[in-house]
There are 2 protein chains.
Amino acid sequence: MSVPEAPDLLPDERRERVLRAVRRHGTVRVNDLAQMLGVAAITVRRDIALLARRGLLRRVHGGATLPHDESATGTSADHSQRAHGEPPADAAIEDPGTSPGRASRSLTLGMVVPSLDYYWPDVIRGVREAAAGSSARVVLRGATYEAADERQQLTRLVEAVGVDGLLVAPTTTGPEGEELVRWLETSAVPIVLVERAATVGPYGEAMESVVSDHVNGAAMAVRHLAGLGHQRVGLTATAGSPTTPHVRRGWQKACDELHLRLDGVPDLRTMDHRDPSWPDTVNEIIDACLASSTTALLVHSDPEAISVVERCQERGIDVPTDLAVVAYDDQVAALCDPPLTAVRPHREAIGRAAVSLLTARLHDSTGDRPAHSVVVGPQLIVRDSSVPAGG
Amino acid sequence: MSVPEAPDLLPDERRERVLRAVRRHGTVRVNDLAQMLGVAAITVRRDIALLARRGLLRRVHGGATLPHDESATGTSADHSQRAHGEPPADAAIEDPGTSPGRASRSLTLGMVVPSLDYYWPDVIRGVREAAAGSSARVVLRGATYEAADERQQLTRLVEAVGVDGLLVAPTTTGPEGEELVRWLETSAVPIVLVERAATVGPYGEAMESVVSDHVNGAAMAVRHLAGLGHQRVGLTATAGSPTTPHVRRGWQKACDELHLRLDGVPDLRTMDHRDPSWPDTVNEIIDACLASSTTALLVHSDPEAISVVERCQERGIDVPTDLAVVAYDDQVAALCDPPLTAVRPHREAIGRAAVSLLTARLHDSTGDRPAHSVVVGPQLIVRDSSVPAGG
DNA sequence: ACATATTCGATCATAAACGAACATATGTGA
DNA sequence: TCACATATGTTCGTTTATGATCGAATATGT
């Protein structure tokens, strides 16, 4: 369950979100929305009243639902004529160039993700939305980070469930990873890797994949900080994460390009914030910055970033004046005080793109469709932890 | 202090930036913009009001968002077509009858390619096919490799033809390239780069693009040759081509990975086969291979590869026994005798993917769709110029 | 039906955003 | 140089957005 998201939105943006929530879930409760949007219930009510007046949704006691007949009102530009009851699909539906009369047997897509509590829920949401938009069904399996487990899940999905294609976020590092990829290669159904990439075959052809451009994401953070005048930008990243190597590469690349010094600048790999040793680690991180007069720090995973900022404040180090902090990942970064500047991989877009890619392949009739890889650019959300003035 | 920027811009430039910010982020806040642009809030407000009057964005309390029916009015509304008296701005009060959802209005896509006689016809075919599949219209313009020319074409497409989006294969190298990219950034319509990539903005965000993975394409060729036992794999590539750097990088990378020697191995950049000096160049290429006992050669552009093979045969050098040849590009490679093994960038797929990407963006209603880049994997077509016996 | 728990909405208070009017540049052309 | 248009910033009163309070209205369970 995601934390109450509280980036202060424009009134109009908020209403847009209310509308999206209604379309996605069919019905919404005032209080849920209020909590989610970080505003008072009365505000949500007023929003709903406004939207209802425009015919965009229907007010009911306790919340709102989809309007009964949308086409009659005609006031909505972007979503009309959706039969009520079927929520979704303001998603980007990528039509794979198939002609309209194509056999539209509804597809079943299998998805295996390494965890269900971090990062992936948003990806899954994107998958769900996009799948609903092309009336495909999604069968979800959560695996641990053990490759054997993943193979079991995958086998089941293909053989027992009979999915038409797979979205897989597998372990691709280490020996089991290699083996898993080789196993995937032999799969009977098309596969799209999600947030992973791999090459297969004797010549090292690329597998189909959808990934965030973490390299450029990290580079963007560095460029932002360099633009603010910082000469020494440090990095700390959780050792276990698959994205860490990419973040580090992007950080290095951008520092090189901008001729920022790297000698002595912290480049740390740490446990994550749930590890018992974390409190000590935070101090070490901060000490390393102080010792090397590093004035800006990119912190992989926003919970860790929040932790660093809090400790800085306890130690009398002002953020952003003494140390500018940018979080890599934007799940909870907005909730910190001050709100953290963060690089946000667009997780829903990843999910949507993965479905697009897989359905495009499944609909391909030519048979010589080459492997497509989609790279989704992260966004840099500038908040207060990096810029001195107000925001 | 000096946050992102402070250079005082021309009013018009500033408005372009406002517009760009809205297009990039979906919504913007007056205060954020004011700070970013280094002007007072009232100025931003006035800009927003002006732009809203032209229908280029929608005013909301606290900022601005994308206009509701962007594709309908936004692009060509500027001068032609529309009487001055009627600001289409309040088309925000949607016309009920005409637009029952944005998907219905057929799109017009503009495309500018650097040439019409090599490589691009197949890309264009892919574009045409995909566009027809989603009943979009394509307006094509050929430009030379001069950036000024491209800008003229692009301006015309946007302002006179009124395209909804652009597929552009621009010059992105050299100073004109930089400038062109900056110009593209301010464009009023979404853009997808084709076979090019670029980053924009203060943080270097990626532009939307569709490219062939020439790096891995070349690497695949090397892996193929290494798999056949070759220890020294040379490269020759035409100096003028934009793909050459990628091919070279892939070749180097694969050689490194496979621990193939690079010292003394030919790494040549040449004129193309229409240059008067080409016949001499071919001999030099072959001589370089003989001199360094290089037994395999990757040749950029298949006409050049054919030429090399023919000369080899004239000189009594057997292909593939004495020298294995792989062509990079597969337009005419199959017609050689022996047929050439070739790396084939899937040009039609490039075109199709570009249309998919652009239409997906044009249909996006959320406004926070991040930049997607599609990387299409080339295929290695193994023929007789690399494998000795029956392949 | 009754009791209880929510939910709703009128009203007021506060904060932020807005815009009219005026003031101050910064050019531009006679 | 002056007259004049344009562009921008400042002040201040007005409008909009939001939250808190509290009595009324609406569900829900017995």
Side-chain angles (χ1 to χ4, degrees), chain A residues 4-19 21-22 25-54 56-67 334-335 337-339 383-384 387 389-391, chain B residues 1-19 21-22 25-54 56-67 84 87 89-90 92-93:
Chain A
E5 207 155 324
D8 44 340
L9 299 157
L10 251 37
D12 197 74
E13 279 181 286
R14 193 189 51 235
R15 275 169 220 129
E16 205 59 50
R17 289 218 187 182
V18 170
L19 214 45
V22 173
H25 300 112
T27 70
V28 289
R29 252 172 279 272
V30 168
N31 286 322
D32 291 357
L33 277 179
Q35 200 196 336
M36 245 194 298
L37 299 168
V39 297
I42 182 70
T43 302
V44 174
R45 251 177 248 128
R46 283 195 268 241
D47 286 345
I48 289 178
L50 185 76
L51 294 168
R53 222 172 301 135
R54 293 190 196 157
L56 297 173
L57 46 72
R58 198 163 57 92
R59 276 196 96 170
V60 295
H61 192 92
T65 76
L66 292 168
L335 305 178
D337 177 43
R383 300 201 184 89
D384 297 348
V387 288
Chain B
M1 310 298 148
S2 69
V3 208
E5 9 248 304
D8 36 346
L9 305 152
L10 254 41
D12 214 59
E13 283 180 287
R14 193 189 51 236
R15 273 169 221 127
E16 280 298 336
R17 293 222 183 183
V18 170
L19 210 46
V22 174
H25 300 109
T27 69
V28 290
R29 264 147 273 256
V30 168
N31 288 324
D32 290 359
L33 276 179
Q35 198 196 335
M36 254 192 288
L37 299 169
V39 296
I42 183 74
T43 302
V44 175
R45 252 178 245 129
R46 284 195 268 242
D47 287 345
I48 289 178
L50 185 75
L51 294 168
R53 224 171 300 135
R54 293 190 197 156
L56 297 174
L57 46 74
R58 195 164 57 92
R59 277 196 95 170
V60 296
H61 194 92
T65 78
L66 294 169
H84 301 308
D90 289 335
I93 315 301

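This is a predicted model, so every value here is computed, not measured. Residue numbers start from 1 in every chain, and the chains themselves are labelled A, B, ... in the order their sequence lines are given, proteins ahead of strands.
- At a threshold of 4.0 angstrom between heavy atoms, the contacts of A/R59 are confined to the sugar-phosphate backbone, with no base atom among them.
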Please write out each protein N/O paired with an N/O of nucleotides 15-22 of chain D under 3.5 Å, distance rounded to 0.1 Å.
residue, atom, partner, partner atom, Å
D/dT18, OP1, A/R14, NH1, 2.5
D/dT18, OP1, A/R14, NH2, 3.1
D/dT18, OP2, A/R14, NH2, 2.7
D/dG19, OP1, A/A40, N, 3.4
D/dG19, OP2, A/A40, N, 3.0
D/dG19, OP2, A/T43, OG1, 2.1
D/dG19, N7, A/R46, NH2, 2.7

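- Remark: A/R59 engages A/R45, A/I48, A/A49, A/A52 in a side-chain contact (heavy atoms from CB on, under 4.5 Å) (not counting sequence neighbours).
- Every salt bridge (Lys or Arg N to Asp or Glu O under 4.0 Å) that B/R29 has, sequence neighbours left out, goes to A/E13, B/D32.
- The interatomic distance linking A/N31 (CG) with D/dT26 (P) rounds to 18 Å, in whole Å.
- Here the closest heavy-atom approach between residue B/V30 and residue B/A41 is recorded as CG1-O, 3.7 Å.
- Minimum heavy-atom separation, B/G62 to A/L10: O-CD1, 3.8 Å.
- In terms of heavy-atom proximity, B/T65 sits nearest to B/T27 at CG2-CG2, 3.5 Å.
- Considering only residues two or more places apart in sequence or on other chains, B/R15 meets the side chain to side chain donor-acceptor pair (under 3.5 Å) condition with B/D47.
- Under the side chain to side chain donor-acceptor pair (under 3.5 Å) criterion, A/T43 pairs with no residue at all, not counting sequence neighbours.
- Bracketed by its first and final contacts, the part of DNA chain C lying under 4.0 Å from non-hydrogen atoms of chain B reaches from C/dA17 to C/dG19 in 5' to 3' order.
- Distance check, rounded to the nearest 0.5 Å: CG of A/L56 to CG of A/L19 gives 5.5 Å.
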